Amino acid sequence: MGAELGNYKSCVSARSTDKELLKHAQDGGIVTSLFAFALEEGIIDGAIVAANKEFAAKYPSKCMMDNSNFDMIEPWRPIPAIVNTKAELIAAAGTKYNISPNVSLLKEATRSFGLDKIGIVGTPCQMQAVRKAQLYPIGMRDVGASIALAVGIFCMENFPYQSILQLVEDHAAMKLESVKKMEIGKGKFWVYGKRGQVVQLPLKITHKYEQPGCHVCLDYVANLADVSTGSVGSPDGWSTVMVRSKIGDSVWGKAMAAGCFETQPIEKVKPGLELVTKLANEKITKNKKTLEGRATFGVGKALRNPYI
Amino acid sequence: MSKVVEISPTTRHEGHSKLVLKVNDQGIIETGNWCSITPVRGVEKLAVGKTPEQVPKIASRVCGICPIAHCLAATEAMEASIKCEIPNDAKMLRHILQLANRCHSIALHDILILPDFYIPGTETKINPFTAEEPVRSVAKRIQRLREIGQTIGQIAGGDCIHPRNTRIGGMYRNVSEQAKTKMYDLAKEGLTLSHQQAEFMIAVIRNYHNRDFVDVGGMKVPMPKTLGYHNQGYLATHAFYGSTSMDECPSWDINRFKEARPYDWYMGEMEVTLEEPKYPIGGTTKMGTKVNPQMEACTGIPMYDGQPVEVGPRARLVRYKNFDMKGTKGQNIAREMEYQDCFYEMIDCIDALNTSGKVVADYIPNGDGSLGWASNEAPRGTDVHIARVNDWKVQYFSMLVPTTWNFATCSKALEGAPWQLAEVIMRGYDPCVSCATHMIVLDEENKMIAQKLIQ
Amino acid sequence: MADKITVGYTHLSGCTGCTVALADNYAGLLTLLDKYVDLKYMPTLADARHIQQVDVSFVEGSVCINDKLAVEEIKETREKSAIVVALGGCACYGNITRFSRGGQQNQPAHEAYLPIGDLIKVDVYIPGCAPTPQMIRNVAVMAYLLLKGTKEQKDLATAFLTPLMKLAAAGTSACFCELMTNVINQGLCMGCGTCAAACPVNAITMEYGKPQGERDLCIKCGACYSQCPRSFFNTDVISQYEAINEAIMAALQ
Ligand SMILES: Cc1cc2nc3c(=O)[nH]c(=O)nc-3n(C[C@H](O)[C@H](O)[C@H](O)COP(=O)(O)OP(=O)(O)OC[C@H]3O[C@@H](n4cnc5c(N)ncnc54)[C@H](O)[C@@H]3O)c2cc1C
Ligand code: SF4
Ligand code: SF4
Ligand code: SF4
Ligand code: SF4
C-alpha cells in the first residue's frame with residue numbers, strides 16, 4: 001500500500017440495501033445510507049450536506065444561502081444545508097459537480113441548529129478543513145469535539161458553477177434544468193437527461209473548466225475522513241468504501257451489523273483498488289508538478305505553497 | 001496627618017485600574033479615588049463615519065466580560081436612531097443571549113472574589129484553584145455554570161464572547177427546535193446549580209462580613225459593619241433587560257444625565273507617603289512615588305440628577321424588588337440573588353420563542369440623524385449607548401458603561417473603611433474596567449456643576 | 001510543582017475576551033492548572049501585581065504607544081519570558097484597535113496602537129477574536145510538551161507549533177484581504193467555506209462557492225486566513241489528528 005490512498009483500516013465494495021434510496025443516490029448510496037443509519041442510532045443529530053433549490057424552498061431555515069435572489073438560484077447549484085431526517089437526506093443525495101461550501105455551516109451547526117453530534121460530507125479538501133479546524137481551531141470554537149462522523153467523497157477535481165453550465169449547455173447541448181444526473185467515470189463526463197438521453201464528453205474538454213485551486217490538491221480519496229467513498233474501483237451502482245478512523249470503524253461496523261449495506265471484498269471486484277491507486281497517483285503526480293511549477297512561476301518569484 | 005497610599009494595579013477584575021487613598025492615622029480612608037488607567041481606545045470617536053452595522057461589533061470588543069450588553073446596547077441605539085422596530089422573536093433571542101451572559105458573568109465574579117473570603121468554620125482563605133475539597137466541587141460547579149451560560153449564549157447569539165448573530169434590524173438567524181430544546185435543558189440544569197451556588201456564596205459572604213477582624217497579607221484588619229456604605233442613589237432601567245428611546249415609557253431620561261471630567265472630580269498631584277510591602281501580592285506603591293488621579297484617570301464621571309449613582313445588581317434589586325441591604329455585603333448578596341431569577345426569566349423567554357418566526361425587520365431605514373439611545377442591564381449595571389445615524393453612517397456614538405457610573409460612587413463608598421479593604425469594596429462592584437474608558441460632554445455647563453459639587 | 005511550566009499573562013489594550021476564552025476551558029482549566037501550568041502572573045485571575053520571569057507569556061491586547069506603562073510592560077514581558085505568545089486578534093494584528101485614531105476624553109492623545117509584534121519579537125500567534133478555548137488549550141499543552149516532554153514529544157510540539165511561529169514571523173497585519181491576496185489571488189481557494197464559518201462578525205459569505213468579504217464589517221482579527229486550509233496545512237501533523245486529539249484529551253482527564 002502506497003501513501004496515495006492514506007491510512008485505512010478496511011476497504012470494501014458496497015451498496016446500500018435500501019432500494020428506494022438507491023434511486024436517488026449517485027453510486028452505492030453510501031453517504032446517504034450511512035448518515036440515515038447514524039441519525040437513527042443517535043450517532044449524529046444532524047448532517048451537513050449539499051442540498052438544492054427545491055430543498056431550500058421547502059426548508060429555508062436549514063440552509064446557508066448566499067446573497068443571490070432566491071429566484072435567481074439556478075438548477076444544480078448546491079446549497080449547504082443541515083438535514084435531520086432520512087427524507088431530507090434523500091432530497092440532498094446525488095453528486096453536484098460544483099462547489100458546495102459545506103464547511104461554512106460547521107460552526108453554525110453547533111449554534112443556531114443546536115447540534116451536539118455533527119455529520120458532514122465533503123470532498124477531500126473539505127475533510128482537510130475539518131481536521132485543521134479540530135487541531136487548530138483558530139476560529140472554530142466548540143466545534144471540534146462535536147464532529148461525530150465525517151464522510152469524505154473521492155475527488156479528482158471540482159468546477160465553478162459557470163463551468164458546469166457551459167459544459168452542459170454548450171458542449172452537451174442540454175438545458176441544465178432537464179438534466180437528471182451527472183457523472184465522471186470511465187474517462188468521461190456523463191450527462192443524463194430527464195427524457196433519457198445520455199451525452200458523454202471526453203475529459204480533455206472538461207480540463208479547461210476545472211477550479212484552479214484543485215490543481216494543488218494532493219488528496220484523491222479523502223485520507224482524513226472517518227469513512228471515504230467513491231465510485232472508482234467498484235462496478236456500476238456500487239461504491240468503494242474505505243474505513244479510516246476509530247470512529248469510522250465503529251460506525252461502519254454497526255451499520256454493517258444492522259444490515260444497511262451489502263458488500264463484496266474489494267479484491268474480488270473489477271476494476272478494484274488498482275484503478276483507485278492509479279488515479280490517485282496520477283492526480284498527486286500531476287498536482288505535485290503544478291506545485292513545483294509554482295515555485296518557479298515568475299522571474300525569481302514563486303507562487304505560494306500552502307503545504308509549507 | 002493623613003497619608004497617601006496607592007494600590008496599583010488592582011487585581012481580580014477586568015482591565016487596569018488603581019486606588020489612590022488618603023488615610024488617617026488609624027489607616028481609615030478619608031478620601032478614596034478609584035480610577036481606570038486603561039489606555040483609551042477611543043471607540044466612540046472611531047465609530048464616527050462607520051456603518052451602524054460595524055459599530056456594534058466594535059463596541060462589543062470594548063469588554064470581553066459584558067460584550068453582550070455593549071453589542072446589544074449599541075445595536076439597539078442604532079435601531080433607535082433609525083427607528084427600526086425588530087420582530088418579537090429577535091427580541092426573545094436577544095433576551096436569552098443577555099441572560100446567558102449574566103449567568104457566566106456572575107459565576108466568573110464568584111471566582112474573582114472567593115480569594116477574599118474564608119471557608120466557613122475555618123481560618124483558611126479560599127483559593128478557587130486548589131484541588132482540595134470543598135473548594136474543588138465549588139470551582140467545578142462555577143465552571144459548569146459558566147459553560148451553561150456560554151453555551152446558551154452561543155446558540156442564541158452565534159458566539160458567546162462576542163456575539164455573531166446580532167444585526168441591525170434583528171438577528172441573522174432564528175434557532176431550530178433542536179437548539180431550543182438544548183437551551184431549555186441547559187437552563188433547567190443551570191437553575192438547580194445556581195440555587196446551590198447562590199446558597200454557598202451567600203453563606204461565605206455573610207461569614208466574612210460578620211467577622212470582627214479579617215486577615216490581609218498577615219495584617220489583622222478590623223471589619224467595619226458599614227463596609228462599602230454610601231449615600232448615593234441607585235439607577236436601573238429594567239429588572240433584566242433594558243429600555244430604549246423608542247419605548248412608550250422609557251425608563252431612562254437623557255435630560256437627567258450629565259457628565260463631568262475627572263479633572264474636576266479627582267485629587268490632584270500627591271506623593272505616596274505610606275508603603276506596605278506586606279500587602280498582597282507584591283506590596284503597595286513605593287514611598288515617594290508621584291501620583292495624580294486627576295491627570296491619570298481615563299474615565300469621565302457620569303451623574304444622574306446631578307449625583308453619581310450606583311448601578312448593578314443591587315440597584316436593580318432596590319429599584320424593582322424592594323431589596324434594602326447596604327454596603328459591600330449587600331452588593332455581593334444581591335448579585336447572588338440574581339442568579340436563579342436569571343434562569344427563571346431565561347426559561348420564560350425560551351418558552352415564548354417561536355422558532356419559525358421571522359427575526360429580521362422587513363424594512364430597515366437608513367436614518368436621518370435623529371438621536372436614539374438604548375440601555376442594557378449588563379451584569380454590572382446599566383449600560384447606555386447613544387447614537388445618531390444619518391444615511392447609514394454613524395454621526396455620533398457614546399457609551400455610558402456600568403463601571404463608569406460606578407467609579408465615582410465606589411470612590412465614595414471607600415470612605416470610612418480600613419485602606420486594606422479598599423480592593424474588597426471595589427470588587428463588590430464587579431468592575432469591568434477596560435470598557436470604562438470614554439467620556440462625553442453633552443453641553444459645557446457640566447463642568448460648572450461638577451466643580452460646585454466638589455467644593 | 002517543579003514539573004509544571006510557569007506561565008504569565010500580560011494584559012494590554014484588549015477587552016479581556018481573550019481571558020474569558022482561556023477560562024472557557026471550564027473544568028479543563030482546572031486540570032491545566034493542576035498538572036501543567038503554574039500561573040505566575042495574570043491580573044484578572046491571579047493576585048500577583050507585577051510581571052515575573054516565566055517560561056511562557058500570553059499577551060492579550062495591542063500596545064498603546066502613547067502610554068508609557070503599556071510600552072514598558074510589553075518590553076518587560078519580552079525580557080522575562082522564554083516564549084511570547086500573542087493571544088487574540090488585538091495582540092497579533094491590532095484587530096479593532098487598528099481603527100483607533102484618538103481624540104477621546106479623558107486621554108485624547110491615546111491614538112496609536114500597535115500589535116505587539118511591531119515592538120518585540122513574538123514567537124507564537126493565536127489569532128481570532130475571541131481566540132478559542134480549544135486553541136489556547138492546545139498551545140498550552142504543546143508548550144508544556146516542548147519544555148518538559150520526552151524527545152518524541154518535543155518533536156511533535158515543534159511540528160505543531162511551527163505554523164503558528166511562521167504566522168508570527170509573517171507579519172502584523174491581517175484582515176479579509178489576506179484571503180484575497182494570499183489564497184484567492186494565488187489561485188489556491190477551493191471553496192470549502194471554512195473562512196465564512198471562522199469569521200466572528202459574519203463578514204464573509206460564500207457566493208457561487210467563493211468567499212466574498214464585506215470589508216466594512218471586517219474587524220481585522222485574522223481568523224479567516226489562519227483557519228483556511230490553504231493558508232497553512234502541515235500534512236504531517238494534521239494527518240495525525242486522531243492521535244494528537246486523543247493525547248490532548250487524555251492529558252486533560
Ligand atoms: C466534485 C466531485 C468530484 C468527484 N470526483 C470523484 C472521482 O473522481 N472519483 C470517484 O470515485 N468519486 C468522485 N466523486 C464522488 C461521487 O460522485 C459520489 O459523490 C460518491 O461516490 C458518493 O456516492 P453515494 O451514492 O455514496 O452518495 P449519495 O448517497 O448520493 O450522497 C452524496 C452526498 O454528497 C453530497 N454532495 C453532493 N455534491 C457535493 C459537493 N459538490 N460537495 C460536497 N458534497 C456534495 C450530497 O449532498 C450527498 O449527501 C466526486 C464527487 C464530487 C462532489
Ligand atoms: S480536487 Fe481537491 S481541492 Fe478540488 S474539490 Fe477535489 S478535493 Fe477539493
Ligand atoms: S482579540 Fe478580541 S477578545 Fe481578544 S482582546 Fe482583542 S477584542 Fe478582545
Ligand atoms: S477557507 Fe480558504 S480555501 Fe476555503 S473557501 Fe475560504 S479562502 Fe477558499
Ligand atoms: S473577514 Fe472576518 S475573520 Fe477575516 S479578518 Fe475580517 S473579521 Fe476576521
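Lettering follows sequence order; numbering is per chain, from 1. Quick caveat, the model's predicted, so the values are computed rather than measured.
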Q: Under 4.5 Å heavy-atom distance to chain A, tell me which part of C/Cys228 shows up: side chain, backbone, both or neither.
A: backbone
Q: Kindly indicate whether a cation-pi arrangement holds for A/Lys53 with A/Phe70, taking the cut-offs as under 6.0 Å to the six-membered ring centre and within 45° of the axis.
A: yes
Q: Below 4.5 Å from any heavy atom of chain C, which atoms of A/Asn67 appear? Answer side chain, backbone, both or neither.
A: both
Q: Heavy-atom cut-off 4.5 Å, strictly under: side chain, backbone, both or neither for C/Leu188 against chain A?
A: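 Both parts, heavy atoms under 4.5 Å.
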Q: Let's test your reading of the structure: which of C/Met249, C/Gln240, C/Glu242, C/Lys210 forms the most heavy-atom pairs below 4.5 Å with chain A?
A: C/Glu242
Q: Which residue out of A/Glu108, A/Gln134, A/Met65, A/Arg77 racks up the most heavy-atom pairs below 4.5 Å with chain C?
A: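 Top option by heavy-atom pairs under 4.5 Å: A/Arg77.
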Q: With a 4.5 Å cut-off on heavy-atom pairs, point out which of A/Asn98, A/Leu106, A/Val216 contacts chain C the most.
A: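 Sorted descending by pairs with chain C, the first entry is A/Val216.
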Q: With a sphere of 6.0 Å drawn around CD of A/Glu177, does it hold more than 12 non-hydrogen atoms of other residues, nucleotides or ligands?
A: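 Counting neighbours around CD of A/Glu177, more than 12 heavy atoms of other residues, nucleotides or ligands fall under 6.0 Å, so yes.
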Q: Tell me, for C/Ile184 versus chain A, whether the close heavy atoms (under 4.5 Å) come from the side chain, the backbone, both or neither.
A: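 Neither the backbone nor the side chain of C/Ile184 comes within 4.5 Å of chain A.
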Q: Taking all non-hydrogen atoms of both residues, which atom of C/Asn25 and which atom of C/Arg137 are closest, and how far apart?
A: OD1-CB, 3.6 Å
Q: Is the C/Tyr93 ring parallel, tilted or perpendicular to the C/Tyr125 ring (thresholds 30°, 60°)?
A: perpendicular
Q: Relative to chain A, which segment of C/Pro211 carries a heavy atom at a distance below 4.5 Å: side chain, backbone, both, or neither?
A: neither
Q: I'd like to know if A/Asp226 pairs up with A/Arg131 as an ion pair, taking the criterion as any Lys NZ or Arg NE/NH1/NH2 lying under 4.0 Å from an Asp or Glu carboxylate oxygen.
A: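 A salt bridge links A/Asp226 with A/Arg131.
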Q: Taking every heavy-atom pair that is under 4.5 Å apart, which of C/Gly128, C/Ala196, C/Ala223, C/Pro133 has the most such pairs with chain A?
A: C/Pro133
Q: Which bit of A/Tyr161 comes within less than 4.5 Å of chain C, counting heavy atoms only: side chain, backbone, both or neither?
A: side chain
Q: Does the plane of the ring in A/Phe154 sit parallel, tilted or perpendicular to the ring in A/Tyr220? Use 30° and 60° as the thresholds.
A: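 The rings of A/Phe154 and A/Tyr220 sit tilted, inter-plane angle from 30° to 60°.
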Q: Do A/Met182 and A/Trp76 have side chains that approach each other closer than 4.5 Å (heavy atoms only, starting at C-beta)?
A: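 A side-chain contact exists here, since the closest heavy-atom pair is under 4.5 Å.
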Q: Hey, which of C/Val85, C/Val122, C/Val84 is the one that makes side-chain contact (heavy atoms from CB on, under 4.5 Å) with C/Val59?
A: C/Val84
Q: Should we count NZ of A/Lys9 as having more than 12 external heavy atoms under 6.0 Å?
A: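 It does: A/Lys9 NZ has more than 12 such atoms within range.
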Q: If you count heavy-atom pairs under 4.5 Å between each of C/Thr235, C/Asp236, C/Thr205, C/Asn234 and chain A, which one has the most?
A: C/Asn234
Q: Taking all heavy atoms of C/Thr19 and all of C/Met42, pick out the closest pair and write down the distance.
A: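 Looking at all heavy atoms of both residues, the shortest contact is CG2-CE, 3.2 Å.
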Q: C/Thr194 versus chain A, heavy atoms under 4.5 Å apart: side chain, backbone, both or neither?
A: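 Contact with chain A: backbone and side chain both.
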Q: Between C/Ser239 and chain A, which part of the residue has a heavy atom less than 4.5 Å away: side chain, backbone, both or neither?
A: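 For C/Ser239, the contact with chain A is made by backbone and side chain together.
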Q: Under 4.5 Å from any heavy atom of chain C, what part of A/Glu74 do you find: side chain, backbone, both or neither?
A: side chain
Q: Between A/Ile99, A/Asp142, A/Leu218, A/Asp66, which residue shows the highest count of heavy-atom pairs closer than 4.5 Å to chain C?
A: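 Among A/Ile99, A/Asp142, A/Leu218, A/Asp66, the one with the most close pairs to chain C is A/Asp66.
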Q: Report yes if some heavy atom in the side chain of C/Asn245 is under 4.5 Å from a heavy atom in the side chain of A/Leu135; otherwise report no.
A: yes
Q: Flag the one option from A/His215, A/Gln126, A/Arg294, A/Met64 with the top tally of heavy-atom pairs under 4.5 Å to chain C.
A: A/Arg294
Q: Check whether A/Asp219 gets within reach of chain C through its side chain, its backbone, both or neither, counting any heavy atom under 4.5 Å.
A: neither
Q: Using modelled atom types and a 3.5 Å cut-off, is there a donor and acceptor pairing between side-chain atoms of A/Lys96 and backbone atoms of A/Ala50?
A: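 Checking the backbone N and O of A/Ala50 against the side chain of A/Lys96, a donor-acceptor pair under 3.5 Å is found.
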Q: More than 12 non-hydrogen atoms from neighbouring residues, nucleotides or ligands closer than 6.0 Å to NZ on A/Lys289, yes or no?
A: no
Q: Most heavy-atom pairs under 4.5 angstrom with chain A, which of C/Gln134, C/Glu207, C/Gln212?
A: C/Glu207
Q: Chain C heavy atoms under 4.5 Å from A/Arg304: which part of the residue, side chain, backbone, both or neither?
A: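 When you check distances to chain C, atoms from both the backbone and side chain of A/Arg304 fall under 4.5 Å.
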Q: Please state whether the side chain, the backbone, both or neither of A/Gln128 comes within less than 4.5 Å of a heavy atom of chain C.
A: both
Q: Of the backbone (N, CA, C, O) and the side chain (C-beta and beyond), which part of A/Pro160 lies under 4.5 Å from a heavy atom of chain C, both, or neither?
A: neither
Q: Considering non-hydrogen atoms only, spot the tightest contact between A/Pro80 and A/Pro101 and give its length.
A: CG-O, 3.6 Å
Q: Given that the side chain runs from C-beta out, which part of C/Gln227 has a heavy atom under 4.5 Å from chain A: side chain, backbone, both or neither?
A: both
Q: Using a cut-off of under 4.5 Å for heavy-atom pairs, which of C/Ile244, C/Asn182, C/Val237 has the most such pairs with chain A?
A: C/Asn182
